[in-house]
Each structure stands twice: as C-alpha cells, then as structure tokens.
Amino acid sequence: MWKPYILYSEKADRYYTGITDDLPWRLERHNQGWARYTKRGIPWSVVYTEDYHTKSKALKREREIKAHKSKIYIESLIKK
C-alpha cells in the first residue's frame, strides 16, 4: 500500500507531507536527518495517513493536500 502522510514537528511547529510504501522506515529516515527539509524539525511524528493501492493515486492525493498550502486544511484532515 502507498500512503500519503503528514508529519508534525512540535519543535518547528511545521507540517510535512510526503508519500511512501514503508512508513516506519520513512519516519526513521526523517528523524535521522536524511531529508534536507525535515532535518531542522527533528523529532517528527506521524499525524495523518491515507492508504492507496497505487503510487500514482497516492501522488495525486499528496499534490491535492499540498495544493491547499494551508495549515488550517491540514489540521482539519487530522481532526477527522
């Protein structure tokens, strides 16, 4: 399964959206500083995921989430 996911960093008070087919591994990489954008926000925690059977559908959903460019929209997804 492919997952669009949203991470949250309390330290940076920021959200990060991505996709993966192995969420535990990807979160570990973010928290080890492998991704340039998320390096400053360590530690990150998963606050939202969705499941898709194909990578293309997961990418489409990730783009939809990112297109809103809104912290309010992301927080509304998390609350659902």
Side-chain angles (χ1 to χ4, degrees):
M1 294 294 279
W2 284 90
K3 297 176 180 298
Y5 63 89
I6 300 174
L7 303 179
Y8 178 70
S9 166
E10 191 172 318
K11 175 182 172 184
D13 190 29
R14 296 195 70 129
Y15 292 98
Y16 175 83
T17 304
I19 69 159
T20 187
D21 63 344
D22 187 348
L23 189 56
W25 178 83
R26 190 69 186 116
L27 178 61
E28 182 180 328
R29 292 294 189 206
H30 282 296
N31 282 324
Q32 289 176 347
W34 284 63
R36 192 178 108 216
Y37 181 84
T38 56
K39 194 177 220 176
R40 294 184 194 161
I42 296 169
W44 292 88
S45 58
V46 177
V47 293
Y48 184 79
T49 65
E50 295 178 6
D51 293 327
Y52 291 89
H53 292 288
T54 65
K55 185 177 182 179
S56 62
K57 288 182 181 181
L59 277 168
K60 182 179 178 185
R61 180 61 176 140
E62 177 196 23
R63 286 186 204 114
E64 289 172 1
I65 294 168
K66 287 182 174 182
H68 282 88
K69 297 183 185 212
S70 168
K71 190 173 188 176
I72 294 168
Y73 176 73
I74 289 174
E75 289 173 347
S76 74
L77 284 177
I78 295 166
K79 288 179 184 176
K80 286 184 182 177

Would you be so kind as to tabulate the donor-acceptor pairs closer than 3.5 Å made by side chains of residues 73-80, with sequence neighbours excluded?
from, atom 1, to, atom 2, distance (Å)
Tyr73, OH, Arg61, NH1, 3.4
Glu75, OE2, Tyr15, OH, 3.1
Ser76, OG, Tyr73, O, 2.6

From OG1 (Thr38) to CG (Asn31), nearest 0.5 Å: 8.0 Å
Spacing of Lys3 atom NZ and Lys55 atom NZ [to the nearest 0.5 Å]: 16.0 Å
Distance-only check: which donor-acceptor pairs under 3.5 Å involve side-chain atoms of residues 17-26, not counting sequence neighbours?
from, atom 1, to, atom 2, distance (Å)
Thr20, OG1, Asp22, N, 3.0
Thr20, OG1, Asp22, O, 3.4
Asp22, OD1, Trp25, N, 3.4

For [X], which residues count as a side chain to side chain donor-acceptor pair (under 3.5 Å) partner, sequence neighbours excluded?
| X | result |
| --- | --- |
| Lys71 | Asp13 |
| Glu28 | Gln32 |
| Lys39 | none |
| Ser9 | none |

Residue list, salt bridge (Lys or Arg N to Asp or Glu O under 4.0 Å) with Lys57, at least two apart or on another chain: none
From CA spacing to verdict: side-chain hydrogen bond (donor to acceptor under 3.5 Å, both in side chains), Tyr37, His30: CA-CA 9 Å; Tyr37 181 84; His30 282 296; over 6 Å; no
Flag if over 12 foreign heavy atoms under 6.0 Å of CZ, Arg40: no
Linked, directly or transitively: Leu27 and Ile42 (ILVMFWY side chains, under 4.5 Å): yes
Pair listing, ring pair (Phe, Tyr, Trp, His ring centres under 6.0 Å) test, anchored in residues 41-63, at least two apart: none
Nearest atoms (heavy-atom pairs only) where Gly41 meets Ala12: CA-CB, 4.2 Å
